[in-house]
Q: 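Here's a structure for you.
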Amino acid sequence: MNQRARIAMSDDEVTAFIAESRKLQLGTINPDGMPHMVTMFYGLDEGKIAFWTYGKAQKTRNIQRDARVSCLIEAGDDYAELRGVLVYGVARTIGDPEGVLRVGMGVTRRMAGMPDSEELVSEYVAHTGRKRVAFVVEPTRVVSWDHRKLGTPIQSG
């Protein structure tokens, strides 16, 4: 078995990693073809990555022109601890106000570290949601790695 196959996460591990993380690096495509990368808090909508942002943001304009995105979620500081999931996909726009608020609540709860707090964040979400749009990422390809699966590095000396 090659090293790439040894460090890949199982589907269950990918699902758990995405569920326990809070931030991702979102890649969209600028008009000139260059990548546009930003860090985003995200939520889950039926198990899929979901995020919201202002309607006039660069990432929104990029997605409206070309809906292909990449979402990188990673953890670990040392090489032997590195874990990550890279989701390639298409960002589907959530256009209805109820859907925008649903995504906004999910993102805000995770961002604030209050997964069950409805009333503490609902006023904020309702207020800021008027200028926001939401997206759900429909995955087309998922790549993962978990360097902890390599075991302890051999110590010399």
Q: Val90 and Val136: same hydrophobic cluster, using ILVMFWY side-chain contacts below 4.5 Å?
A: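 Shared cluster, no.
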Q: What's the separation between atom CG in Leu86 and atom OG in Ser70, rounded to the nearest 0.5 Å?
A: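 Answer rounded to 0.5 Å: 6.0 Å.
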Q: Using only atom types and a distance under 3.5 Å, with no angle test, would you say the side chain of Asp78 pairs donor to acceptor with the backbone of Ala80?
A: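 Side chain of Asp78 to backbone of Ala80: no pair is present.
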Q: With heavy-atom distances below 4.5 Å as the criterion, would you say the side chains of Glu74 and Gln25 are in contact?
A: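 Yes; the side chains approach each other to less than 4.5 Å.
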Q: With Lys23, which residues qualify under side-chain contact (heavy atoms from CB on, under 4.5 Å), at least two apart?
A: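 Partners of Lys23 under the side-chain contact (heavy atoms from CB on, under 4.5 Å) test: Thr39, Phe41.
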Q: My understanding is that only residues two or more places apart in sequence, or in another chain, count here; which of them pass salt bridge (charged side-chain N to carboxylate O under 4.0 Å, His left out) with Glu20?
A: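 Expected list: Arg83.
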Q: Does Arg110 use its side chain to pair, donor to acceptor, with the backbone of Ser21 at less than 3.5 Å?
A: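 Flag set: sc Arg110 to bb Ser21 pair under 3.5 Å.
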Q: Could you pull out all residues at least two apart from Arg102 that satisfy salt bridge (charged side-chain N to carboxylate O under 4.0 Å, His left out)?
A: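 Arg102 satisfies salt bridge (charged side-chain N to carboxylate O under 4.0 Å, His left out) with Asp45 only.
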Q: Please check: side-chain N/O of Arg61 versus main-chain N/O of Lys56, any donor-acceptor pairing under 3.5 Å?
A: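 Indeed, once roles are kept as given, a pair shorter than 3.5 Å links the two residues.
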Q: Any ring-ring contact (aromatic ring centres under 6.0 Å, His included) pairs touching residues 58-81, not counting sequence neighbours?
A: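 Qualifying pairs, neighbours excluded: Tyr79-His147.
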Q: Which pairs count as ring-ring contact (aromatic ring centres under 6.0 Å, His included) when at least one residue sits in residues 87-108, sequence neighbours excluded?
A: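 Of all non-adjacent pairs touching residues 87-108, none passes ring-ring contact (aromatic ring centres under 6.0 Å, His included).
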Q: Please list all pairs passing the salt bridge (charged side-chain N to carboxylate O under 4.0 Å, His left out) test where one or both residues lie in residues 85-96, with sequence neighbours left out.
A: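 Of all non-adjacent pairs touching residues 85-96, those that pass salt bridge (charged side-chain N to carboxylate O under 4.0 Å, His left out) are Arg92-Glu138.
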Q: Through direct or indirect side-chain contacts below 4.5 angstrom among Ile, Leu, Val, Met, Phe, Trp and Tyr, which residues connect to Ile73?
A: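 Besides Ile73, the hydrophobic cluster comprises Met9, Val14, Phe17, Ile18, Leu24, Leu26, Val38, Met40, Tyr42, Leu44, Ile49, Phe51, Ile63, Val69, Val85, Val87, Val133, Phe135, Val137, Val142, listed by chain and residue number.
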Q: Applying side chain to side chain donor-acceptor pair (under 3.5 Å), name anything that partners Asn62, two or more places apart in sequence or on another chain.
A: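 Partners of Asn62 by the side chain to side chain donor-acceptor pair (under 3.5 Å) criterion, ordered by chain and then number, come out as Thr28, Asn30, Gln58, Arg65.
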Q: Check side chain to side chain donor-acceptor pair (under 3.5 Å) between Arg22 and all other residues, then give those that pass, not counting sequence neighbours.
A: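 Partners of Arg22 by the side chain to side chain donor-acceptor pair (under 3.5 Å) criterion come out as none, since no residue qualifies.
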Q: Suppose we screen for side-chain contact (heavy atoms from CB on, under 4.5 Å). Which residues come up paired with Arg4, at least two apart in sequence or across chains?
A: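 For Arg4, the residues satisfying side-chain contact (heavy atoms from CB on, under 4.5 Å) (neighbours in sequence not counted) are Asn2, Ile7, Val143, Trp145.
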Q: For Tyr54, what residues pass the side chain to side chain donor-acceptor pair (under 3.5 Å) criterion, not counting sequence neighbours?
A: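 Checked Tyr54 against side chain to side chain donor-acceptor pair (under 3.5 Å); matches are Thr128, Arg132.
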Q: Which residues satisfy the side chain to side chain donor-acceptor pair (under 3.5 Å) test with Lys149, sequence neighbours excluded?
A: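 Partners of Lys149 by the side chain to side chain donor-acceptor pair (under 3.5 Å) criterion, ordered by chain and then number, come out as Glu13.
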